[in-house]
Protein chains: 4
Amino acid sequence: MKQNTRQQNKAETRRLLLRAGLDLFLEQGFEKTNAVEIASKAEVAVGTLYLHFGDKAGLLQEVLLQGALDLHERVMKVYIDPPGDPYTLARAHVETIVQFLEENQKEGRFLLEYASRRDSAITSVLDKIVKQIELSVESGVKMGVYRADINPALAARAEASMNLGLLAWWIQDPGRATREEIIETLTKFRASGLHSQTKHDYT
Amino acid sequence: MKQNTRQQNKAETRRLLLRAGLDLFLEQGFEKTNAVEIASKAEVAVGTLYLHFGDKAGLLQEVLLQGALDLHERVMKVYIDPPGDPYTLARAHVETIVQFLEENQKEGRFLLEYASRRDSAITSVLDKIVKQIELSVESGVKMGVYRADINPALAARAEASMNLGLLAWWIQDPGRATREEIIETLTKFRASGLHSQTKHDYT
Amino acid sequence: MKQNTRQQNKAETRRLLLRAGLDLFLEQGFEKTNAVEIASKAEVAVGTLYLHFGDKAGLLQEVLLQGALDLHERVMKVYIDPPGDPYTLARAHVETIVQFLEENQKEGRFLLEYASRRDSAITSVLDKIVKQIELSVESGVKMGVYRADINPALAARAEASMNLGLLAWWIQDPGRATREEIIETLTKFRASGLHSQTKHDYT
Amino acid sequence: MKQNTRQQNKAETRRLLLRAGLDLFLEQGFEKTNAVEIASKAEVAVGTLYLHFGDKAGLLQEVLLQGALDLHERVMKVYIDPPGDPYTLARAHVETIVQFLEENQKEGRFLLEYASRRDSAITSVLDKIVKQIELSVESGVKMGVYRADINPALAARAEASMNLGLLAWWIQDPGRATREEIIETLTKFRASGLHSQTKHDYT
DNA sequence: GATGAATGAGGATTCATTCAT
DNA sequence: GATGAATGAATCCTCATTCAT
């Protein structure tokens, strides 16, 4: 029992540090946030931060990983029992991300901010999401609803980039567009960019 | 004459510093690169860096600005006498960027790396490019070749994000796809994402 | 019985800590070895180290003292019933030390390493050994087998230094000389350095 | 000319740091002396220490090397035009060291203190001195004034250890013996330890 | 007796920037 | 304009030690 309390306290301390790190990294960026500040915000000693995460970068990785996993989990739910219709799937995918961003403003902003950084813990999670999109594109192509002349890996990457980029821009100042406009825009691009059609449509 | 030589030397020194800064920022990132290192690589004294750029951030701004302006100039050329057909325009836009990246690998990689940073000098240049895309979208809508139910500002931003994101990913390891595949993918998304079509197409 | 077991466990824990301390101090030096590391190597909690030895320095003292006492005990045995002949005594003294070093490589190396440190617990033990040598020198002088024009205290100190220094050097890389060569060298210096002889011998 | 002044100032700064380091390391030991303290004593900023020596250990090495080279130079002078008689050579060698210690109390004490530390810059210089003694022993053996049954390398090492050890002990409290007693003791050991004589002398 | 998470003062090192030459 | 030695505030990280369990 006692041991259990100790475990709980340790976990609680860890949680406090993760939250403090998230807040400060988001506010000021990783480089401008210093270790004492984080510890102080978490109301623990600096040493405790190093005890739990090894170094400041270790804390960043964990913060990032935590957020990325949360988002990943959400997005994956859409694919567990996916709507057959690509447009609906595209919309569900986009809506889930927007939903997540609205519920977890800080985590979301932070993730978007660091998603493009090299060597961040996010990269691998991002890759997984892209892979998932790729699979759904492939199945769409097989089913004949998506154009065959497309490279699913590239299309998936392009789409993820578009989502991330537009959302990062939007979330920095949500007054720039309504939630619905954002969802619409992204959905249209996705759905139609993949849909079968011929070039002569444009001439 | 002597004056002229001095001018030339000054410009040359500036060029050396910009190049050294670009190389090191790209290799190690801005924060991990220090002023003495840059000066040393440029084979001048640290003081000289401060003479030319005020401070380290000043050098970064100039490096970024230089690259962004070069890219911007290139992209703008496409819009001076644009092809009427949206698909061709989209392709020309994308091709120009890819071309630039291949000719200026380092500058390109660096720009893409910093494009998503808040407060970077690049942001304003990026905004200009986005604005240009927005105008072309608007004109496409007016001409009736683009769907009317689209927010040109958002579409432009979405497209720019997609370009940047996919290209950043590609340029980190060009073996991931051929140049042509990249151009194709981006062009298709752009052209079709904007083209008139109705939702029932997908049902 | 249970009490007995507890006693045994306590003694065992102490032994584990002493050994872990010895190993790590020898490998990395006292300053670069930290308490958690020692405890971890001994497979006990840090607190336990403090329970047994008060502080890190306390452990060092005990490690040193233990080794020094072991060595002292050995050396003293030679003087309990000493051979009358100075050469044989000198040889027996030297051989005992070499023997000890070979049997307790780690302890030995450690002792030699710290013997010259100021303020180490070893100093007092070393002083005792030197005193013992001094007594034997004095008795030799009285017996007329050692030259009278010598300061026994200094001679004893000189000899102890020589022993320690050469042995420390040897033990760091035993390939440098055979065991017998070391013993021979030290014995000769001792025996003859003290033996009566007149300066004109050398002219 | 200006450049020259700059050079001189730099050298002066270096000298100040070396002296401050020597003083403090001697007083408190390397580990207990901190960088700010050294810089402060040298009346420069901490950064300057790092500019000149890379790190704290770098300063220690230089201090040690400087002292060792000074001593080495002195000792070597004895061997440039050595007295043919071994006793006189032995005495000259010992006297030179004692002389040096008296003239450079601090450097001397410091050298002796650190001579036995592993991996100190001193080791290589000490090895050179030992090598020199070895050569003189070898030549003594060839000339027939030293016993043939001795390993010159070991004898040289033994003697150097003896010198260092006794001197280190003496210099810590010079009241323990007169200068003359020290010289006498070391000279006798050296001269007689090496001189030809047979074991049966002692039986 | 034993545990090990937490502490926080202390120390090493960095590096943007200055300024006398 | 150019130089580069010097600066010192800022920051990262360590680790001996404690104490509630």
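Residue numbers start from 1 in every chain, and the chains themselves are labelled A, B, ... in the order their sequence lines are given, proteins ahead of strands. Every heavy atom of this structure was used, including side-chain atoms; hydrogens, water molecules and symmetry mates were not.
Taking the nucleotide of DNA chain E with the nearest heavy atom to each of Lys10(A) and Ala35(B), the more 5' of the two is matched to Lys10(A). Residue-to-nucleotide proximity on DNA chain F shows that, of Glu43(B) and Thr33(A), the 5′-proximal contact is made by Glu43(B). With the nearest nucleotide of DNA chain F identified for both Val44(D) and Val46(C), Val44(D) has the one nearer the 5' end. Mapped onto DNA chain E by nearest heavy atom, Phe30(D) and Asn34(B) fall at different nucleotides, with Phe30(D) at the one closer to the 5' end.
For Lys56(A), counting side-chain heavy atoms from C-beta on, the closest listed nucleotide (dC13(F), dA5(F), dA6(E)) is dC13(F). For Ala45(B), taking side-chain heavy atoms from C-beta onward, the closest of the listed nucleotides dT17(F), dG4(E), dT3(F) is dT3(F). When distances are taken from the side chain of His52(C) to each of dG8(E), dA2(E), dG4(E), the shortest belongs to dA2(E). Each of dT3(E), dA6(F), dA12(E) was ranked by its minimum atom distance to the side chain of Tyr50(D); first place goes to dA12(E).
Computed from coordinates, the Asp55(C) CG to dT17(F) P distance equals 5 Å when rounded to whole Å. Whole-Å rounding puts the Leu51(D) CG to dA16(E) P distance at 14 Å. Residue Asn9(C) contributes atom CG, which lies 8 Å from atom P of dA2(E) at whole-angstrom precision. If you take CD of Glu37(C) and C1' of dT17(F), they are 17 Å apart, rounded to a whole angstrom. The interatomic distance linking Leu17(A) (CG) with dT7(E) (C1') rounds to 13 Å, in whole Å. Atom pair Lys32(A):NZ and dT14(E):P shows a separation of 22 Å (rounding to whole Å applied). A straight line from CD of Glu31(B) to P of dT14(E) spans 17 Å, rounded to a whole angstrom. Counting to the nearest Å, the C1' atom of dA2(E) and the CD atom of Glu12(C) are 15 Å from each other.
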* **Derivation of the side chain to side chain contact (heavy atoms under 4.5 Å, CB included) call for Glu107(C) and Gln66(C)** => CA-CA 9 Å; Glu107(C) 287 85 344; Gln66(C) 193 56 52; over 6 Å; no

* When you look at His52(B) and Lys10(B), which way does the side chain to side chain contact (heavy atoms under 4.5 Å, CB included) test go after all the steps? -> CA-CA 9 Å; His52(B) 280 262; Lys10(B) 191 177 169 186; 3.6 Å; yes

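Residue Thr13(A) places at least one side-chain N or O under 4.0 Å from the OP1 or OP2 atom of dA6(E).
Put simply, the side chain of Tyr114(B) never gets that close to the backbone of Leu60(B): no donor and acceptor are under 3.5 Å apart.
Here dG8(F) sits opposite dC15(E) as a Watson-Crick or G-U wobble pair (both hydrogen-bonding atom distances under 3.5 Å). Pairing partner, dT21(F): dA2(E), with both Watson-Crick or wobble hydrogen-bond distances short of 3.5 Å.
Of all heavy-atom pairs between Ala35(B) and Lys56(B), the closest is N-CD, 4.2 Å.
By the 6.0 Å contact criterion, CD on Glu31(C) is enclosed, its count of non-hydrogen atoms from other residues, nucleotides or ligands being greater than 12.
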